[in-house]
Amino acid sequence: MSKKNKLFNTKVIHSGHKEDKETGAVMPPIHLSSTFKQKSPGDFKYEYARTNNPTREILEKLLAEIEEGKDAFAFSSGMAAINCLTDAMEKEFHIICSDDVYGGTRRIFDKVKNVNQNIEITYTDFNKEDNWPGLIQKNTKMIWLETPSNPLLKIVDISKIKSEISNENIKIVCDNTFASPYNQQPLRLGADVVVHSSTKYLGGHSDLISGAVIVKDDTHLSEKIKYLQNAVGSVPSPFDCYMLIRSIKTLAVRMERHNSNAMIISEFLNNHKKIRKVRYPGLKSDDNHNIASKQMRGFGGIISVELDSDLKGTLKFLENIDIFTLAESLGGVESLIEHPAIMTHASIEKNIREDLGISDSLVRLSIGIEDPEDLKSALDKALDLI
């Protein structure tokens, strides 16, 4: 069956590889070798595992197919993926970036790329700034979208952004980590590049660190990323590549449960007396619901809520909740909960956090695939303490 004829649930299971030709194994072998025999000097299929590896090659083919891109590149972390992509755009250029993004993204942009490569970053709320194209400069090379955003779950209309850019040399990059390829296909909506922290929903089991860049159709950009991937060497191990291949096979069924559980929990919290505000694009009352409904298959497993309490009460809630694990990261089968201002977004200056709406009473929930009744009970008991 051709790539175009396969639907998503079939792609995640069958893309990237067939049975092993040598043994007939259904799952691909893990190629741990660091080097490979050459028939004659310079005559080889694989040379050195940093440059290319058979297991990583399978993963990259799989990632390209499920995101409907031409080329994909796997990295040792999501931050390594972001670093390589911005390096591929060289130096002394301008990025227009979503104002609400992962704290690590702001950190690498403001405190690494701006300092070391003279990259200028302008942050904007694409949904509030009607004239955001007025921010484009002569050296603007990238529009960086994070949708849904971390941690406020803002949704950016990717197709609308694409229609408002007249310069085809400006790349639209979409961080698709929160949505996953199951819930959202940015390259079909007009994005040029997709990035992932594969640690999250793609991995899905909180047991690996990895990242990815998927390019829609730009051979020149792909060649630069491939060169840098090898030159810098921030590649995942063959074992982590195998773990991702294995995990992606269940992505669709996991996301269906994440989506349905999060919908149940968001509705429960939206009616709870101890909750001031629920941010979840699946709620019809949410400011982002209409855009999310247009461009997403499901609304994801992340919910952010503002407790009707102060910092002391919020910490008491987080320290005493059952089932939910107080920990950074997201997207695993188990439910996690965290405090953005102290944890994932602590690297952002307090005044910027406050301007964005990341308050001391804001908590972010990554809803797992447990029984939703147990999750509701755990939340209710902990909320009764504040």
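At distances below 3.5 Å, at least one donor-acceptor pair connects side-chain atoms of R353 with backbone N or O atoms of I348. For D20 (side chain) and M27 (main-chain N/O), no donor-acceptor pair under 3.5 Å exists by modelled atom type. Using a distance-only test at 3.5 Å, with no hydrogens or angles considered, a donor-acceptor pair links the side chain of T250 to the main chain of S247. Not a single donor-acceptor pair under 3.5 Å links the side chain of H339 to the backbone N or O of L326.
A distance below 6.0 Å separates the ring centres of Y182 and F8. If you look at H196 and Y201, their ring centroids are not closer than 6.0 Å.
Here the OG1-CD1 distance, from T105 to I121, works out to 11.0 Å after rounding to the nearest 0.5 Å.
A donor and an acceptor atom, one from each side chain of Q229 and S234, are nowhere located under 3.5 Å apart. Side-chain N/O atoms of S159 and Q295 include no donor and acceptor closer than 3.5 Å.
R279 has a carboxylate O that lies under 4.0 Å from a charged side-chain N of E306, or vice versa, which qualifies the two as a salt bridge. A salt bridge links D125 with K154: at least one charged nitrogen is closer than 4.0 Å to a carboxylate oxygen. Note on D322 versus K381: no salt bridge recorded, every NZ/NE/NH1/NH2 to OD/OE distance being 4.0 Å or above. Taking 4.0 Å as the cut-off between side-chain N and carboxylate O, K224 and E90 count as a salt-bridged pair.
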